[in-house]
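Remarks on the structure that follows.
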Amino acid sequence: MAHDALKVAVLISGRGSNLQALLDACADPAYPARIVRVISNVAGAFGLERARAAGVETQVIRHKEYDSREAFDAALDQAIRASGADVVCLAGFMRLLTPGFTAAWQGRLVNIHPSLLPSFKGLHTHQRALEAGVKLHGCTVHLVTPDLDGGPILAQAAVPVLPGDDEDSLAARVLEQEHRLYPLALRLLAEGRVRVENGVARIAGLADSGVRLLNPGP
Ligand code: GAR
């Protein structure tokens, strides 16, 4: 591991394709982050296999074994700290985190959400985008605050909504961009270029706009 690489814990609940994108990025010695542990709240999550294949330590912390959200989050917190991680990336982690947890990791807790926030917070984003008739959809990487899907935006990728799209085709188009966007956004954090002012993330450096908005044509 590069001496000064950012140490990252990734939290997942399932497939782990975004985890894979981060693992692939971190495989490049020039990339400024390394994944030190992958934690899943679901024992059978396929993402755990991806982590093992990449030689990354894994851990399962089942939310069902805890009496309260606070107790589950305390176990998560302890595991993340034990891993030595500086930053936590949520990658398809489908549990709400308590305000105590998000406060403890403020500025160091990142999520990827499958919509152009602040539109379509929450679940079923692709179906809701289709129902709303939007012509642009996409994904967002943001810092996590107690405000669900409402934290400072680090980067976004837009995709067109095409005639004939259904939930699956739209999800696939967005997911392809998620895999590009998450490594770009994590890099910004790892390079120490993110500063939050009045709830808005400012990025130091001249190449700012080039890496914060991915906007592929149809
Ligand atoms: C991704 O589309 C991610 O944006 C979404 O779940 C999927 C996980 O896929 N996350 C959320 O909806 C968070 N509320 P993956 O396991 O293949 O990365």
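Numbering of ligands and ligand atoms starts at 1, following listing order.
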How are the rings of H137 and F120 set to each other: parallel, tilted or perpendicular (split at 30° and 60°)?
perpendicular
Taking everything shown except Q127 itself, do over 12 heavy atoms lie less than 6.0 Å from its CD?
yes
Tell me the protein heavy atom at minimum distance from atom 13 (C) of ligand 1, and give that distance in Å.
M94 SD, 3.9 Å
Quick check on contacts: which atoms of ligand 1 are under 4.0 angstrom from a heavy atom of E178?
1 (C), 2 (O), 3 (C), 4 (O)
Closest protein heavy atom to atom 14 (N) of ligand 1, given as residue, atom name and distance to 0.1 Å
H113 ND1, 4.0 Å
Checking the N or O distance criterion of under 3.5 Å, is ligand 1 in contact with N18?
yes
Any Lys/Arg nitrogen of E191 or R187 sitting under 4.0 Å from an Asp/Glu carboxylate oxygen of the other?
yes
Heavy-atom nearest neighbour in the protein, as seen from atom 15 (P) of ligand 1, with distance rounded to 0.1 Å:
S17 N, 3.4 Å
Specify the protein heavy atom at minimum distance from atom 11 (C) of ligand 1: its residue, its atom name, and the distance to 0.1 Å.
P114 CD, 3.7 Å
Are more than 12 heavy atoms from other residues, nucleotides or ligands located less than 6.0 Å from atom CG of D67?
no
Modelled atom types, side-chain donor and acceptor of T140 and H142, under 3.5 Å
no
P152 and side chain to side chain contact (heavy atoms under 4.5 Å, CB included): which single residue from N198, V196, V194, V200 fits?
V196
Protein heavy-atom partner closest to atom 6 (O) of ligand 1 - residue, atom, separation in Å:
G92 CA, 3.9 Å
Any Q20 heavy atom less than 4.0 Å from ligand 1:
no
Under 3.5 Å, N or O to N or O, is L19 touching ligand 1 that way?
no
Nearest to atom 9 (O) of ligand 1, what protein heavy atom do you find, and at what distance?
R15 NH2, 3.0 Å
List the closest protein heavy-atom neighbour of atom 16 (O) of ligand 1: residue, atom name, distance to the nearest 0.1 Å.
G16 N, 2.8 Å
Between D165 and R173, does the salt bridge (charged side-chain N to carboxylate O under 4.0 Å, His left out) criterion hold? Intermediate values first, please.
CA-CA 10 Å; D165 264 339; R173 194 172 306 121; 2.7 Å; yes
Name the one of V36, I39, V88, V38 that satisfies side chain to side chain contact (heavy atoms under 4.5 Å, CB included) with S83?
V36
